[in-house]
Student: 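Shown below is the structure under consideration.
Counting begins at 1 with the first residue of the sequence.
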Amino acid sequence: MNTNLRRALSAALVTALGAGGLAACGGGDGSGGDGDKTVTLVSHDSFVASDAVLAEFTKETGYKVKVVKGGDAGAAVNQAILSKNHPQGDVFFGVDNTLLSRALDKGLFASYEAKGLDRVPGALQLDSSRHRVTPVDYGDICVNYDRAYFADKKLAPPQSFADLVKPEYKNLLVTENVKTSSPGLAFQLGTIAAFGEDGWQDYWKKLKDNGVEVVDGWEQAYNSRFSGSATGRKAKGDKPLVVSYASSPPAEVMGAEPAPEEAPTGVATGTCFRQIEFAGLLSGAKNTEGGKALIDFLVGKKFQEDMPLQMFVNPANQDARLPELFTRYGVKVEKPATLDKERIAEHRDEWIKTWSSLVLK
């Protein structure tokens with residue numbers, strides 16, 4: 001999931017939960033400064049982990065974790081590819097299924113079958129024959145709606161892609177630019193899965209005619225334009241529909257006292273696209289043993305159970321328990337849209353170009 005919700009909530013989460021267990025953050029060459037007792041994790045800006053969990057990794061293995069962050073998911077993947085002959089670290093976390101084929105085709109990762117992988121469902125293991133990447137988390141990109149707006153208007157919120165082009169939802173939706181945003185791209189892929197290669201373009205023409213607004217990224221869409229988020233209300237956002245995550249409702253009630261009966265936002269479950277995030281051992285890593293240990297830890301229960309309230313994603317390890325915030329306020333998407341990674345690889349650039357000509361002109 002890519003960098004979603006987590007990216008814009010990161011400041012609040014760092015304050016509320018702490019993310020100080022990192023040996024270092026920012027740029028660097030991945031050397032770590034402590035020889036082979038430092039393992040360097042390269043990731044997008046949304047990576048967050050609690051002090052206690054990272055300290056536990058150090059206690060168990062002797063390795064300290066250094067984190068090098070490289071912007072949003074797309075930028076971080078591109079930078080990792082450009083620097084693959086001189087990698088910035090040992091492990092990369094945050095490549096998702098919309099970008100996975102690009103990273104694999106460029107030889108970014110070395111094969112490693114993680115310990116504990118048998119606890120990860122096969123449906124999440126998109127490189128099971130070679131184990132170049134290990135599934136760490138998953139989430140669903142979905143349209144979120146402002147419950148108060150629809151209650152006030154006595155209007156049922158949309159529940160499907162088809163609903164979004166109906167006249168009653170004209171000028172209500174804001175989404176992200178497919179060219180610059182991982183959630184935006186995932187939403188486009190969801191429409192392609194729903195309407196097929198012969199129908200998605202016509203769907204987007206109807207969506208444009210129905211007044212969809214396109215902004216550069218998730219932060220602007222959710223935090224500024226969406227009327228259902230706390231930050232959006234402060235910014236006087238006037239769009240009651242936004243492309244976000246199925247995990248956005250739990251994020252909206254985190255820390256609320258008293259706890260509300262329901263979250264102020266809902267999820268249109270017929271608009272969801274499944275996003276899976278992976279970690280991989282970088283080819284040419286200086287500390288391969290430390291990197292392998294870190295990947296094992298990322299799919300272990302301690303990290304997996306810490307992760308939902310840090311990054312608002314679902315654990316890949318089926319033995320990991322979800323926190324009450326997720327089980328009470330979260331939405332379980334039974335049938336998310338999906339596309340084969342090979343199909344995405346073959347058509348992604350073409351689809352983005354076509355979308356841009358249809359929607360941005």
Side-chain angles (χ1 to χ4, degrees), residues 1-30 32 39-51 53-54 65-84 87-100 102-103 108 133 136-139 141 176-186 215-224 226 229 231 242-245 247-248 251 254 275-280 282 294 298 303 306-314:
M1 203 325 62
N2 216 327
T3 65
N4 41 76
L5 180 63
R6 300 164 302 173
R7 193 174 167 201
L9 288 175
S10 59
L13 291 174
V14 168
T15 300
L17 299 173
L22 313 180
C25 290
D29 62 2
V39 57
T40 300
L41 177 71
V42 184
S43 186
H44 48 58
D45 285 348
S46 301
F47 178 83
V48 186
S50 69
D51 294 354
V53 165
L54 291 178
V65 180
K66 175 182 177 181
V67 177
V68 176
K69 296 186 178 183
D72 65 22
V77 170
N78 287 338
Q79 179 57 39
I81 291 171
L82 289 172
S83 61
K84 71 172 185 175
Q88 293 176 289
D90 306 303
V91 173
F92 186 95
F93 165 75
V95 61
D96 65 47
N97 50 311
T98 69
L99 300 169
L100 179 60
R102 181 181 298 168
L108 189 59
V133 290
V136 175
D137 66 73
Y138 70 92
I141 308 295
E176 300 85 0
N177 191 327
V178 167
K179 295 172 63 178
T180 57
S181 166
S182 176
L185 176 57
V215 297
D216 284 343
W218 181 89
E219 290 184 25
Q220 184 181 359
Y222 192 86
N223 275 355
S224 297
F226 180 44
S229 68
T231 50
V242 65
V243 172
S244 188
Y245 292 80
S247 54
S248 298
M254 185 175 179
Q275 196 175 49
I276 308 166
E277 279 192 308
F278 302 86
L282 287 165
L294 181 57
L298 292 177
F303 182 85
D306 180 63
M307 185 173 56
L309 293 184
Q310 301 292 340
M311 296 191 283
F312 285 87
V313 288
N314 295 294

Student: Rounded to the nearest 0.5 Å, what separates atom CG in Asp137 from atom CZ in Phe303?
Tutor: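 Rounded to the nearest 0.5 Å, the CG-CZ separation comes to 8.0 Å.
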Student: About how many Å separate OG of Ser181 and CD of Gln220, when rounded to the nearest 0.5 Å?
Tutor: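 Gln220 CD to Ser181 OG: 10.5 Å, rounded to 0.5 Å.
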Student: Would you mind reporting whether Tyr138 and Asn97 have side-chain heavy atoms less than 4.5 Å apart?
Tutor: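 No, side chains not in contact.
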Student: Find out whether Val42 and Pro87 are in side-chain contact, i.e. whether some heavy atom of one side chain is under 4.5 Å from a heavy atom of the other.
Tutor: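 With C-beta onward as the side chain, the pair stays apart.
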Student: Working to the nearest 0.5 Å, report the span between OG of Ser83 and CG of Leu108.
Tutor: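 Interatomic distance, Ser83 OG to Leu108 CG, rounded to 0.5 Å: 8.0 Å.
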Student: Quick one: closest heavy-atom pair of Gly184 and Val178, and the distance?
Tutor: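 Minimum heavy-atom separation between Gly184 and Val178: O-CG2, 3.5 Å.
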Student: Side chains of Leu100 and Val133: does their closest heavy-atom pair fall under 4.5 Å?
Tutor: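 In short, these two side chains touch, coming nearer than 4.5 Å.
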Student: If we only count heavy atoms from C-beta on, is the Tyr245 to Ile141 side-chain gap below 4.5 Å?
Tutor: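 The answer is yes; the side chains approach within 4.5 Å.
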Student: For a quick test of reading the model, state the closest non-hydrogen atom pair linking Ser182 to Asp96 and the distance between them.
Tutor: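 That would be OG-OD2, 3.3 Å.
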Student: Would a distance-only check, ignoring hydrogens and angles, find a side-chain to backbone donor-acceptor pair under 3.5 Å from Asn314 to Gly139?
Tutor: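 Looks like no, no N/O pair under 3.5 Å.
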Student: On a heavy-atom basis, which atom in Met254 and which in Phe312 lie closest, and how many Å separate them?
Tutor: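 Looks like SD-CZ, 3.5 Å.
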Student: Name the orientation class of the two ring planes belonging to Tyr222 and Trp218 (parallel below 30°, tilted from 30 to 60°, perpendicular beyond 60°).
Tutor: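 If you compare the ring of Tyr222 with that of Trp218, the planes turn out parallel.
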Student: Give me the atom names and distance for the closest heavy-atom approach of Glu176 to Val243.
Tutor: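 Scanning both residues, the minimum pair turns out to be OE2-O, 2.7 Å.
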Student: How would you list, by chain and number, every residue that makes a side-chain hydrogen bond (donor to acceptor under 3.5 Å, both in side chains) with Asp306, sequence neighbours excluded?
Tutor: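 side-chain hydrogen bond (donor to acceptor under 3.5 Å, both in side chains) list for Asp306, sorted by chain: Ser50, Gln310.
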Student: Met311 versus Glu277: any side-chain heavy-atom pair under 4.5 Å?
Tutor: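 Not touching, per the 4.5 Å side-chain cut-off.
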Student: Using a 3.5 Å distance criterion without hydrogens, assess whether the side chain of Thr40 forms a donor-acceptor pair with backbone atoms of Lys66.
Tutor: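 The answer is no, because no donor-acceptor pair under 3.5 Å joins these two groups.
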Student: From Thr98 OG1 over to Gln275 CD, what is the distance, rounded to the nearest 0.5 angstrom?
Tutor: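 Here the rounded value is 6.0 Å.
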Student: Give the minimum heavy-atom separation between Ser43 and Ala76, together with the two atoms involved.
Tutor: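 Minimum heavy-atom contact is O-CB, 4.0 Å.
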Student: Between CG of Leu41 and CG of Leu294, what distance do you get to the nearest 0.5 Å?
Tutor: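 One gets 5.5 Å once the value is rounded to the nearest 0.5 Å.
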Student: Go through Arg102 and Asn78 one step at a time and tell me if the side-chain contact (heavy atoms from CB on, under 4.5 Å) criterion holds.
Tutor: CA-CA 9 Å; Arg102 181 181 298 168; Asn78 287 338; 3.5 Å; yes
Student: In Å, rounded to the nearest 0.5 Å, how long is the span from CD of Gln79 to CZ of Phe92?
Tutor: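 Nearest 0.5 Å value for the CD-CZ distance: 10.0 Å.
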Student: State, with a plain yes or no, whether a side-chain heavy atom of His44 is found less than 4.5 Å away from one of Val77.
Tutor: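 No. Closest side-chain heavy atoms not under 4.5 Å.
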